[in-house]
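Read the numbers this way: they start at 1 and go in the same order the structure lists the ligands and their atoms.
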Amino acid sequence: MTPGNRRPVVIASNRGPLTFRLDDDGNPTPTRGAGGLVSGLLPLVTGTDTLWIAAAIGDADRRAATEGVIEAEGVRARLLDIDPDDFRAAYDVIGNATLWFVHHGLFDVSRRPRIDRRWRAAWSAYQRVNDAFAEAVAESAPVDAILLVQDYHLALLGPRLVALRPDLTAVHFSHTPFAGPDLLHALPRDIRVELLEGLAGHHACGFHTARWARAFRHACDEDGVAAPATFVAPLGPDPADLAASAASPACTAALGRLDETTGDRQVVVRVDRLELSKNIVRGFLAFDTLLDEHPEHRGRVVFAASVYPSREGLPEYLAYRQEVEATVRRVNERWGVPGWQPIVLDLSDDYLASVAALRAYDVLLVNPVRDGMNLVAKEGPLLNERDGVLLLSTEAGAADELASAASMIDPCDLGGTAEALHEALTLGRAERTRRAGELRRLVAARGPAEWLADQLAAAR
Ligand code: G6P
């Protein structure tokens with residue numbers, strides 16, 4: 001699939017390259033799936049014979065799953081119709097409410113997690129989901145294939161395949177941070193060991209930064225699990241794909257709407273899933289502090305925030321959404337005047353509108369409390385047309401590559417973030433241009449092709 005690689009490739013991930021909806025006659029029709037993984041990998045696998053195995057998520061996906069391997073939109077995909085209760089328990093309770101929380105350090109440990117009977121039942125469902133993927137891979141993978149397993153939903157796949165298909169080489173890649181021993185101790189020892197042995201049962205494990213790879217090896221050491229080979233392969237956006245989105249009429253129309261809202265004011269932008277680890281509330285509180293401490297910005301800057309709802313099956317996310325909306329209301333009530341609304345919150349999941357916002361920022365705020373990589377921090381500089389400044393959390397994986405040209409912020413430091421916003425909004429033209437150019441150069445150094453090549457190299 002890439003020059004020099006002659007072994008067939010199979011990808012396994014929870015979210016797949018195709019998502020289906022039912023047409024007027026009740027037939028499932030495919031469209032391209034959502035998310036960064038899909039947009040990065042899809043152009044690379046399109047037109048190749050790579051097989052992509054993923055979970056069926058909605059009802060239309062489940063209908064499509066009965067058709068076996070589907071060829072559409074230039075890709076070959078197989079969706080798995082996993083028992084809906086098992087899927088929900090594995091995705092909500094284990095994937096999203098436990099593993100995501102552990103790796104991002106999101107647990108308020110005085111209360112959570114609670115490893116009770118319900119949780120253990122969900123863990124069994126997680127094991128069965130990994131079994132189902134292993135069986136599907138064993139059935140469908142060509143002889144001697146390389147299997148690229150993506151993310152925490154499928155941490156137990158490797159060892160299951162060793163028995164079923166010893167000819168395959170399975171590589172696991174984590175798009176999240178890795179917890180490290182201290183955070184991982186939120187889980188009981190038997191679970192930790194099963195998780196670490198699951199990952200270690202792959203030929204190699206990849207991470208976006210050396211920090212997450214180190215944390216994984218350290219966690220293995222602490223629990224006496226023999227760590228496999230690890231590798232570091234930062235993912236970057238595909239410049240051609242972004243340019244095509246930016247050039248689309250819908251994006252230009254969205255840019256026109258944004259310009260109407262902001263007028264000739266400066267624009268602070270953020271683009272995120274509505275996600276706890278993205279630190280959205282603190283971002284608004286830092287903006288509030290900016291307006292409080294630097295009155296010269298009142299009336300002169302708009303914070304355009306695109307945050308699209310996600311994982312709404314979890315109470316934590318519903319509560320967080322309310323907190324986000326209440327914070328925006330408070331800040332707008334405190335500072336807003338007729339003709340100027342300080343924060344414009346867009347909750348719609350409109351990809352091209354968020355691309356438009358990235359074209360137009362003076363300052364891009366990327367302040368996660370912890371993030372495996374954060375592709376927005378890289379997409380922004382490629383798309384931006386104003387030589388905007390990137391404010392980047394030290395805790396984002398992207399910090400490793402971009403720290404020399406971004407303004408680095410500590411994500412919990414509201415005063416520090418407010419000062420960084422002030423400095424960015426008042427930075428001289430020449431320095432903005434220099435930094436924006438440097439950011440573009442750093443980001444352009446690696447795209448999805450290099451990232452994929454690193455995974456294939458790790459299989460050798
Ligand atoms: C992160 C994870 C992905 C996941 C995506 C969206 O980027 O690393 O594996 O697909 O979030 O989350 P969702 O739960 O909607 O798939």
Side-chain angles (χ1 to χ4, degrees), residues 11-19 31-42 52-58 61 77 79-80 82 87-106 122 126 129-130 133 148-157 172-179 199 205-209 212 216 233-237 271-280 306-318 320-321 347-349 351 354 366 368-379 393 395-398 448 451 455:
I11 298 169
S13 65
N14 180 59
R15 224 173 248 285
L18 300 174
T19 160
T31 51
R32 169 178 159 158
L37 176 66
V38 169
S39 58
L41 268 179
L42 204 57
W52 194 325
I53 300 179
I57 295 180
D61 279 7
L79 297 185
L80 303 186
I82 294 160
F87 181 75
R88 282 257 76 85
Y91 177 71
D92 282 343
V93 181
I94 304 302
N96 291 339
T98 303
L99 299 179
W100 182 270
F101 271 57
V102 169
H103 289 317
H104 289 84
L106 294 175
Y126 180 77
V129 169
N130 277 261
F133 266 88
L148 303 180
V149 184
Q150 306 297 311
D151 243 344
Y152 54 96
H153 313 90
L154 300 175
L156 310 180
L157 209 50
H172 189 280
F173 194 89
S174 292
H175 291 266
T176 59
F178 200 85
L199 290 164
C205 286
F207 301 88
H208 283 307
T209 72
W212 312 140
F216 169 62
L235 175 59
V271 174
D272 284 300
R273 268 190 312 114
L274 212 167
E275 159 61 52
L276 284 75
S277 63
K278 303 294 182 186
N279 204 20
I280 298 165
S306 300
V307 291
Y308 46 99
S310 139
R311 305 186 188 168
E312 289 186 292
L314 296 188
E316 288 88 343
Y317 283 67
L318 290 174
Y320 194 62
R321 175 178 175 157
L347 294 169
S348 66
D349 188 355
Y351 174 68
S354 57
V366 180
V369 288
R370 206 169 145 95
D371 211 334
M373 166 53 73
N374 197 297
L375 279 181
V376 172
K378 293 182 163 185
E379 290 162 349
S393 165
E395 305 308 293
W451 172 71
Q455 286 177 84

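Here F173 has no heavy atoms under 4.0 Å from ligand 1, in either its backbone or its side chain.
Within the listing of ligand 1, atoms 8 (O) sit less than 4.0 angstrom from a heavy atom of H175. Interface of R15 with ligand 1, defined as ligand atoms under 4.0 Å from a residue heavy atom, comprises 13 (P), 15 (O), 16 (O).
With hydrogens left out, the protein atom closest to atom 13 (P) of ligand 1 is Y91 OH, 3.4 Å, a heavy atom.
For atom 12 (O) of ligand 1, the choice among R311, H103, M373 with the nearest heavy atom turns out to be R311. Nearest to atom 3 (C) of ligand 1 by heavy atom, out of D151, L37, L314, is D151.
The shell of residues lying under 4.0 angstrom from ligand 1, judged by heavy atoms, includes H153. Residue-ligand proximity: R273 is placed with a non-hydrogen atom under 4.0 Å from ligand 1.
Here the closest heavy-atom approach between residue Y126 and residue L154 is recorded as OH-N, 3.9 Å. Heavy-atom minimum distance, L314 versus D92: CD2-O, 3.8 Å.
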What pairs of donor and acceptor atoms, side-chain ones from residues 368-375 against any protein atom, are under 3.5 angstrom apart with sequence neighbours left out?
{"unit_1": "R370", "atom_1": "NE", "unit_2": "H103", "atom_2": "O", "d": "2.7"}
{"unit_1": "R370", "atom_1": "NH2", "unit_2": "H103", "atom_2": "O", "d": "3.4"}
{"unit_1": "R370", "atom_1": "NH2", "unit_2": "F178", "atom_2": "O", "d": "2.7"}
{"unit_1": "D371", "atom_1": "OD2", "unit_2": "K278", "atom_2": "NZ", "d": "3.0"}
{"unit_1": "D371", "atom_1": "OD2", "unit_2": "N374", "atom_2": "ND2", "d": "2.9"}
{"unit_1": "N374", "atom_1": "OD1", "unit_2": "V376", "atom_2": "N", "d": "3.1"}
{"unit_1": "N374", "atom_1": "OD1", "unit_2": "A377", "atom_2": "N", "d": "3.1"}

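Checking each of F207, W212, W100, W451 against H175 for a ring pair (Phe, Tyr, Trp, His ring centres under 6.0 Å) leaves exactly one that passes, namely W451.
In this structure, the side chains of L276 and F101 come closer than 4.5 Å at one or more pairs of heavy atoms.
Side-chain contact, S393 with E395: no donor N or O sits under 3.5 Å from an acceptor N or O.
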